[in-house]
Amino acid sequence: MSSRNINSVFYAESYHPIQAGSIDGTDILPHDNAVYRALLCSSAGLYDPQGDPKVIGDPYCTVFVGRLSPFTTENTLSKAMSKFGQVKNLRLVRDIVTGASRGYAFVEYQTEREMQRAYELMRHVLSFVDCWSVSMSIETLIRYPFHKEIIEYVSILSLVKMPECKDAHHSIIDDCEILVDYNRQQLMPGWIPRRLGGGLGGKKESGQLRFGGRERPFRAPLRPIPFDDLKRLGIPPPPEGRYMSRFQVPSPPRRKRSSLEKEESSHKRSSKHDEEHTHRNSVEEREERHHKISMEREDRTRKRISVEREDSYYRKSNAEREERFHKRRSVDREDRSYKRSLEKEERHHSISADREENSQERSSRNKEKGSHQRHSKRLYKHERRTDSQDHSYDR
């Protein structure tokens, strides 16, 4: 037995009176008369769990509620247990003669899931801060691991009693802390009730403690396990290597499905799978259509934007071209006008120069002509003078 399994536990899956009276599930002899009486009833088949006419309803949807107050009524219990689901049937066990409550009841829910919700122990994450509420040092906790387990047990009890707890187990009804378990009478093989020396739980004062249940699980055995004797008596041996923590509770028995139910469930799963597949395909098709439409819209927007950009570019280019053309045209006009002005000036200058030359030539010709006329006049006058002189001489 390893040291880490000292605080480990395990739970009974089937009921055996000798094993239920053992703290570690390895006893091979009954230790009190009640265990012997339960063993006799079990071996002789004196108890039939299915033969009770008062037991009604689906056992897989029914929970056992114990440790009830004698003043708790059906209405109070139904109101308290309806927090976890819709109560279909409720039977508070009463004394046949006096009619007083026996302290336990059976509550049937509509579905198995609601029964699981009322049964399951809360799964709070325990912190070591809760251990500090007990006057014990950390060195003592490390030296004695069992003390640490006690402190964690006290911490989880305090957490269960908190108002925000959502499970029925350890809840308070009429100032009494109740116990919630599955219907072991119909679901646990070999079950023997308390009135015949069996059952589970109990008080230390009675000297008839029963182990293997939710409140008092079997502890991992510290001594060697007598496998041969347990096999001979039909007692299931402890699950070595598969022990659990004290705060871990196994799930209640599940409903065994028949072949017809399996076929129906498989058919339902297949139909559901087909529906999911068709739904998925339809969703995928819608997504594809939406994607195509979005892509087409994006393409159209891109094309429109590109066309607008091209148009704006063409507009800008045309405007620039027109501006350049007008500028070039104005420049050409200015150049032509300037050239024309230059040509006019040149022509005017050449004309003025020609006119001056012509006037000079004319003046020079006129001067020459005048000088020639004057000269000719002078010659004419001289000739006349000479002629007149000659005539005078002749006379």
Side-chain angles (χ1 to χ4, degrees), residues 11-13 15 49-50 52-96 98-124 153 155-188 191 193-195 198-203 210 212-217 246-255:
Y11 297 87
E13 296 179 357
Y15 192 85
Q50 308 297 332
D52 190 355
K54 296 180 181 180
V55 176
I56 59 175
D58 189 0
Y60 293 96
C61 298
T62 305
V63 293
F64 168 82
V65 183
R67 298 179 184 174
L68 291 173
S69 171
F71 305 103
T72 301
T73 61
E74 284 85 351
N75 293 331
T76 305
L77 184 59
S78 177
K79 185 177 180 181
M81 300 302 292
S82 61
K83 298 177 182 178
F84 313 101
Q86 187 176 357
V87 177
K88 183 179 180 181
N89 186 22
L90 187 146
R91 184 169 68 94
L92 180 62
V93 180
R94 295 181 178 274
D95 189 85
I96 300 176
T98 62
S101 174
R102 298 287 298 273
Y104 63 95
F106 295 92
V107 181
E108 183 186 1
Y109 287 96
Q110 289 285 348
T111 61
E112 192 173 350
R113 182 177 296 177
E114 294 173 346
M115 176 265 177
Q116 292 274 348
R117 191 184 306 161
Y119 167 81
E120 287 182 356
L121 183 69
M122 68 175 181
R123 292 175 173 84
H124 285 287
Y153 182 71
S155 301
I156 196 169
L157 287 181
S158 64
L159 286 174
V160 170
K161 293 178 182 179
M162 292 173 64
E164 61 266 21
C165 177
K166 296 183 179 180
D167 356 341
H169 190 58
H170 284 301
S171 60
I172 306 298
I173 300 177
D174 291 337
D175 297 331
C176 288
E177 185 178 349
I178 67 171
L179 179 145
V180 177
D181 204 349
Y182 67 89
N183 192 356
R184 294 181 184 269
Q185 178 181 352
Q186 294 180 285
L187 299 181
M188 192 172 193
W191 174 256
R194 189 70 176 180
R195 67 177 184 271
L200 293 173
K203 296 182 180 180
R210 299 294 182 264
R214 186 170 190 178
E215 285 295 292
R216 295 185 182 275
R246 178 177 292 275
F247 307 109
Q248 290 177 327
V249 178
S251 299
R254 300 283 183 174
R255 190 190 305 273

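Since the structure is predicted, the reported quantities are computational estimates derived from the model, not experimental observations.
- Summarising the geometry of S101 relative to S69, their closest heavy-atom pair is OG-O, 4.3 Å, with the distance given to 0.1 Å.
- For the atom pair N75 CG and L77 CG, the distance stands at 9.5 Å (nearest 0.5 Å).
- Not one N or O on the side chain of S78 forms a donor-acceptor pair closer than 3.5 Å with the backbone of E74.
- The pair E215-R67 meets the salt-bridge criterion, with a side-chain N (NZ, NE, NH1 or NH2) lying under 4.0 Å from an Asp/Glu carboxylate O.
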Given the rule in the side chain to side chain contact (heavy atoms under 4.5 Å, CB included) test, do W191 and L200 qualify, once you have shown the distances and angles that lead to the verdict?
CA-CA 10 Å; W191 174 256; L200 293 173; 4.0 Å; yes
Evaluate side chain to side chain contact (heavy atoms under 4.5 Å, CB included) for V107 paired with T62, printing each intermediate quantity in order.
CA-CA 5 Å; V107 181; T62 305; 5.8 Å; no
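- Y182 pairs by the ring-ring contact (aromatic ring centres under 6.0 Å, His included) definition with nothing, not counting sequence neighbours.
- Closest approach of P217 to Y11, counting heavy atoms only: CB-CE2, 3.4 Å.
- Checking side-chain atoms of E114 against main-chain N and O of Q86 turns up a donor-acceptor pair under 3.5 Å.
- Residues passing the salt bridge (Lys or Arg N to Asp or Glu O under 4.0 Å) test with R216, sequence neighbours excluded: none.
- Distance alone, capped at 3.5 Å, is enough to place a donor-acceptor pair between the R214 side chain and the V180 backbone.
- How far CG of D175 is from CZ of F71: 10.5 Å, rounded to the nearest 0.5 Å.
- Within a 6.0 Å sphere centred on CD of Q50, heavy atoms belonging to other residues, nucleotides or ligands number more than 12.
- For the ring-ring contact (aromatic ring centres under 6.0 Å, His included) test, residues two or more places apart in sequence or in another chain that qualify with F106 are F64.
- Look at R117 and E112 and you find no salt bridge, because none of the NZ, NE, NH1 or NH2 atoms lies under 4.0 Å from a carboxylate O.
- A donor-acceptor pair under 3.5 Å links the side-chain atoms of S82 to the main chain of K79, judged by distance alone.
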What do the steps show when you test L92 against L68 for side chain to side chain contact (heavy atoms under 4.5 Å, CB included), and what is the final call?
CA-CA 10 Å; L92 180 62; L68 291 173; 3.8 Å; yes
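- Taken from CD1 in I178 to OG1 in T72, the straight-line distance is 9.0 Å, to the nearest 0.5 Å.
- The line from CG of L90 to CE of M81 is 8.5 Å long, rounded to the nearest 0.5 Å.
- A pairwise comparison of heavy atoms in P252 and Y119 identifies CD-CE2, 3.3 Å as the closest pair.
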Verify side chain to side chain contact (heavy atoms under 4.5 Å, CB included) between Q185 and V55, making sure each step is shown before the conclusion.
CA-CA 10 Å; Q185 178 181 352; V55 176; 3.7 Å; yes
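- Taking the salt bridge (Lys or Arg N to Asp or Glu O under 4.0 Å) definition, one finds that R91 meets it with nothing, sequence neighbours left out.
- The two residues V63 and Y109 come nearest to each other via the heavy atoms CG2-CE1, 4.0 Å.
- Taking the salt bridge (Lys or Arg N to Asp or Glu O under 4.0 Å) definition, one finds that E13 meets it with nothing, sequence neighbours left out.
- With sequence neighbours excluded, no residue forms a salt bridge (Lys or Arg N to Asp or Glu O under 4.0 Å) with R194.
- For the pair A118 and F84, the tightest heavy-atom approach, listed with the atom from each and the gap, is CB-CB, 3.9 Å.
- Expressed to the nearest 0.5 Å, how far CD1 of I173 lies from OG1 of T76 amounts to 8.5 Å.
- Atoms SG and CD, from C61 and Q116 in turn, are 9.5 Å apart once rounded to the nearest 0.5 Å.
- Electrostatic pairing of K88 and D58 does not count as a salt bridge here, judged by no charged N lying under 4.0 Å from a carboxylate O.
- Under the 3.5 Å distance criterion, the side-chain polar atoms of Y60 are left unmatched by any main-chain donor or acceptor of T111.
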